[in-house]
Amino acid sequence: MDENLAAADRIDEVDITPPIAEKKQNGFIQSAKNAINTIKGKDLETKIEEFSSEITMVIEGISDDQERLDKTNQQLKDKLQALDERITAIERTVGKKAVGITIVRQLTWLAGIVSVAIIIVSIVRLLG
């Protein structure tokens, strides 16, 4: 009976932490080393060149898209300015009562055009 009590006391002293965490960490480190070893040497240089050329192509494409968007945005600004000048000319020629409804319609179209331009630029910037 004394042996059982002595064994029970020793159980508290024994480290019962599972070695699973060490195995997982070693497994991860080993898999990372294996991945690095698979791309060493000539393959590494080739892959870096391929990656660089692909990234360069993507960046050039994004730059071209941004230039087109800037041109489109400028065109829209020019059209909006022309519409504003047109509204001003109409206000001068027609009485203020008749112009009120026309101005509201034109301002609605103007707001729609500006909104669409802002949305298009936002989407492109989000994707780029």
Side-chain angles (χ1 to χ4, degrees):
M1 182 113 145
D2 290 329
E3 291 177 15
N4 289 338
L5 288 175
D9 289 336
R10 280 183 280 156
I11 288 177
D12 292 334
E13 297 173 3
V14 175
D15 185 24
I16 56 171
T17 57
I20 296 173
E22 291 178 19
K23 286 183 181 177
K24 284 184 179 178
Q25 186 177 12
N26 287 339
F28 174 74
I29 292 172
Q30 187 62 36
S31 65
K33 286 180 181 177
N34 289 340
I36 291 172
N37 288 336
T38 59
I39 60 170
K40 279 188 176 178
K42 294 180 181 176
D43 288 344
L44 181 62
E45 291 177 17
T46 305
K47 291 183 188 256
I48 289 173
E49 287 297 321
E50 288 176 8
F51 177 77
S52 297
S53 65
E54 289 175 3
I55 290 297
T56 302
M57 244 186 338
V58 168
I59 291 172
E60 287 174 355
I62 290 172
S63 176
D64 291 342
D65 290 343
Q66 188 63 43
E67 286 178 21
R68 279 190 232 118
L69 281 173
D70 289 342
K71 288 179 184 176
T72 303
N73 194 19
Q74 185 60 41
Q75 290 172 350
L76 287 173
K77 285 181 183 178
D78 293 341
K79 287 180 182 180
L80 290 175
Q81 185 177 3
L83 284 173
D84 187 40
E85 291 171 1
R86 185 174 172 200
I87 289 172
T88 305
I90 290 172
E91 285 177 347
R92 288 188 206 134
T93 58
V94 180
K96 289 185 178 182
K97 292 180 183 179
V99 172
I101 295 172
T102 306
I103 289 174
V104 170
R105 276 191 218 141
Q106 290 180 349
L107 288 176
T108 303
W109 277 102
L110 183 66
I113 291 169
V114 170
S115 300
V116 168
I118 290 171
I119 290 170
I120 289 171
V121 169
S122 297
I123 288 172
V124 169
R125 287 191 178 160
L126 178 68
L127 296 175

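For Gln81, the side-chain hydrogen bond (donor to acceptor under 3.5 Å, both in side chains) criterion is met by no residue, not counting sequence neighbours.
Alongside Val58, the hydrophobic cluster contains Ile62 (criterion: ILVMFWY side chains under 4.5 Å). The hydrophobic cluster around Ile59 extends to Phe51, Ile55, counting ILVMFWY residues whose side-chain heavy atoms fall within less than 4.5 Å of a member.
A donor atom on one side chain and an acceptor atom on the other are not found under 3.5 Å apart for Gln74 and Asp70.
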Could you list the donor-acceptor pairs under 3.5 angstrom formed by side chains in residues 106-128, with sequence neighbours left out?
residue, atom, partner, partner atom, Å
Thr108, OG1, Val104, O, 2.7
Ser115, OG, Ala111, O, 2.8
Ser122, OG, Ile118, O, 2.9

Contacts under 3.5 angstrom, residues 83-90 side chains, donor-acceptor by atom type, not counting sequence neighbours:
residue, atom, partner, partner atom, Å
Thr88, OG1, Asp84, O, 2.9

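Legend: salt bridge (Lys or Arg N to Asp or Glu O under 4.0 Å) pairs involving residues 48-69, not counting sequence neighbours, sorted by first then second residue: Asp65-Arg68.
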